[in-house]
2 protein chains.
Amino acid sequence: MNDPAITQTWLEAMAVHGARQTAARRAICEVLASAARAMEPLELFTESRKRCAGLGLVTVYRTLEILEELGLVARVHQPGGCNRYIRAAEGHQHLMICSACGKAEYFEGDDLSRLFQQVAGRSDFLVQDHWLQLFGLCRACQSASTS
Amino acid sequence: MNDPAITQTWLEAMAVHGARQTAARRAICEVLASAARAMEPLELFTESRKRCAGLGLVTVYRTLEILEELGLVARVHQPGGCNRYIRAAEGHQHLMICSACGKAEYFEGDDLSRLFQQVAGRSDFLVQDHWLQLFGLCRACQSASTS
DNA sequence: CTCCTTATTGATAATGATTTTCATTATCAA
DNA sequence: TTGATAATGAAAATCATTATCAATAAGGAG
């Protein structure tokens, strides 16, 4: 699914949820859907404002709240802070984040769920959910550090 | 290693680091070392104050900063917030958190590192670090929800 | 054991991110 | 086209965290 399609999907999902379709929301969704990195509210505000003059920061917060509530967008936790948002995973995927440029990419982690149950089975916990994130260097940043 | 021993280890590590041994720090370490759950600064403050009258919240923040810097304590990220701290893992361990009571427990995850490299190998990322946390129900809370 | 340097302390003020409030504006169903 | 009402932006309020600073206490030197 490409970026414009994602934006469309998000706006439709919001509509189903009873939320109106506005210029502000469209701008915010477009920016976030096409972002290669997780973005924080202020960045998202600055970028989205280029597409929707007069946009307010508060609207960014409110839109993120809805998108997160609908499971379309996810908050990303990093050593440097936990206020960045990115397109949510499709199915059993996990994030891999470049610690140099911030680029984020999902990878399939379907086979991991089973393992977690098993590993945790050694204790008395009943596992219901898991958070997994990998940090490293993307291809571009590997090359950059070599040269 | 039991709780008083952990406290002692922490205070000694802080001493090596050049930090003085004070009543405030001892109280904070004692509380955090014996905690079964990750605690937020304000909670830690309230509890520690019972052992060290007049303790200030600011000192809790400062002590946490040192303990984290020395790798003795780790920040815990949860859906409800990212401002809780807990005893750091020993070696390749990961956290398992009870979503009902908050109880946290470490489990061995040594064999997982290899898997992450492998899984990520499908992409162009060079994995350097990983964050893994499991959420579920501890034994006590499983029983509670059954009865 | 006492003194003295200096790290540590708590109270207060400042900061920065996020939320709330509210009057105005825009969406969209009828 | 119209009207009920959701959505908006500006400003104020809130909350956690950080910086400031004068008073205090830790702990090495003597």
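Per chain, numbering begins at 1; letters A, B, ... match sequence-line order.
- Comparing Arg62(A) and Val58(B) by the nucleotide of DNA chain D whose heavy atom lies nearest to each, the residue mapping closer to the 5' end is Arg62(A).
- Under the Watson-Crick or G-U wobble criterion, with both distances below 3.5 Å, dA26(C) is paired with dT5(D).
- Note on ring orientation: taking the six-membered ring where Trp is involved, the planes of Phe135(A) and Trp131(B) are perpendicular (angle over 60°, cut-offs 30° and 60°).
- Residue contacts for Gln21(B): at a heavy-atom cut-off of 4.0 Å it reaches the sugar-phosphate backbone alone, with no base atom in range.
- The hydrophobic clustering, which links ILVMFWY residues whose side-chain heavy atoms are closer than 4.5 Å, places Leu42(A) and Tyr85(A) together.
- When Watson-Crick and G-U wobble pairs are counted only if both distances are under 3.5 Å, dT14(D) pairs with dA17(C).
- Note that the CE atom of Met39(A) and the CG atom of Asn83(A) stand 12.0 Å from one another [nearest 0.5 Å].
- As rounded to whole Å, 8 Å separates atom P of dT20(C) from atom CD of Glu65(A).
- When rounded to the nearest whole Å, the span between CG of Leu44(A) and P of dA17(C) equals 15 Å.
- Each of Arg49(A) and Thr22(B) has a nearest nucleotide on DNA chain D; the 5'-most of these lies closest to Arg49(A).
- Across all strands, Leu42(A) comes closer than 4.0 Å to no nucleic acid atom at all (heavy-atom distances).
- Among Gln133(B), Glu105(B), His130(B), the one residue that satisfies the side-chain contact (heavy atoms from CB on, under 4.5 Å) test with His94(B) is His130(B).
- If you take OH of Tyr85(B) and P of dA16(D), they are 14 Å apart, rounded to a whole angstrom.
- Note on Ala23(B): nothing from the nucleic acid sits closer than 4.0 angstrom, heavy atoms only.
- Close to dT8(C), at under 4.0 Å from its OP1 or OP2, lies a side-chain N or O of Arg25(B).
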